[in-house]
Every structure is written in structure tokens, then in C-alpha cells.
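Each remark here refers to the structure printed beneath this line.
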Amino acid sequence: MDKDALLRALFKDLLIVNTEIHPDVRQAEVRWASELGLVRPNYNVVSARPGQDLNGFGAIWTEADEMLFRTRGVVVLKPQVQGHA
């Protein structure tokens with residue numbers, strides 16, 4: 001397995017779904033993964049509510065992410081891989 005394949009296997013994108021806006025997480029995943037160009041198995045789905053600490057997912061959570069999370073109800077976070085450009 002080459003280095004890029006290993007990184008893809010270990011560090012997947014996160015589709016974070018706001019359950020206050022999208023109570024059916026599976027339905028939100030189907031809709032938004034397609035709209036945002038995400039393809040299984042290259043992402044994981046996390047359900048959350050506003051106010052939860054989402055900084056522990058290995059990605060940088062910005063104000064823009066927060067705004068999308070609260071308005072659109074979904075955010076895609078890309079993991080930050082230390083030492084990989």
C-alpha cells in the first residue's frame with residue numbers, strides 16, 4: 001500500500017450532520033454526500049448538535065464551518081495530517 005492510500009484509509013473526511021435540522025441522519029447523509037461530491041468509503045458520518053465540542057475530530061473547526069452547521073445543517077471537515085503537505 002502506498003503512502004497516499006494509507007492516508008486515505010486512516011484519515012477520512014467527516015460529514016457532520018446537525019440533528020436539530022436533520023433528525024434523520026441517514027437521509028441527510030444520502031442527500032448531502034451526493035451534493036457535496038463525497039463518495040463512500042472516503043468519508044465518515046458524525047451526528048452532532050450545536051454547542052457540542054467538535055474540535056476533537058482532528059480537523060480545524062472554523063467560524064464558517066459553524067455557520068454552515070447552524071444554517072445548512074451539514075459540514076464537511078477534512079482531517080489535518082501532521083507532516084503531510
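Fair warning: this is a prediction, and the values are worked out from it, not measured in the lab. Numbering starts at 1 and runs along the sequence shown. The basis for the numbers below is simple: all heavy atoms, side chains too, and nothing from hydrogens, waters or symmetry mates.
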Separation between CZ (Phe69) and CD (Gln52), nearest 0.5 Å, reads 7.0 Å
For Thr62, the side chain to side chain donor-acceptor pair (under 3.5 Å) test, sequence neighbours excluded, returns Asp65
For Arg72 and Val75 the tightest heavy-atom approach is NH2-CA, 4.3 Å
For this session: Please say whether more than 12 non-hydrogen atoms of neighbouring residues, nucleotides or ligands are located less than 6.0 Å from CZ in Arg26.
Result: no
Check your understanding: Applying the 4.5 Å side-chain criterion to the ILVMFWY set and letting contacts propagate, would Ile21 and Val25 be lumped into a single cluster?
Key -> no
ask   = Does some side-chain heavy atom of Lys12 sit less than 4.5 Å from a side-chain heavy atom of Asn42?
value = no
Please set out all donor-acceptor pairs under 3.5 angstrom arising from side-chain atoms of residues 43-51, sequence neighbours excluded.
unit_1: Tyr43; atom_1: OH; unit_2: Glu29; atom_2: OE2; d: 2.8
unit_1: Arg49; atom_1: NH2; unit_2: Glu20; atom_2: OE2; d: 3.2

Taking the side chain as every heavy atom from C-beta outward, state whether Ile16 and Leu77 have any atom pair closer than 4.5 Å. yes
Any side-chain heavy-atom pair from Leu15 and Leu38 closer than 4.5 angstrom? yes
By side chain to side chain donor-acceptor pair (under 3.5 Å), Glu35 pairs with (sequence neighbours left out) Arg31
Within 6.0 angstrom of Glu66 CD, more than 12 heavy atoms from elsewhere:
yes
* Is a side-chain N or O of Ser34 found less than 3.5 angstrom from the main chain of Val30, in a donor-acceptor match? -> no
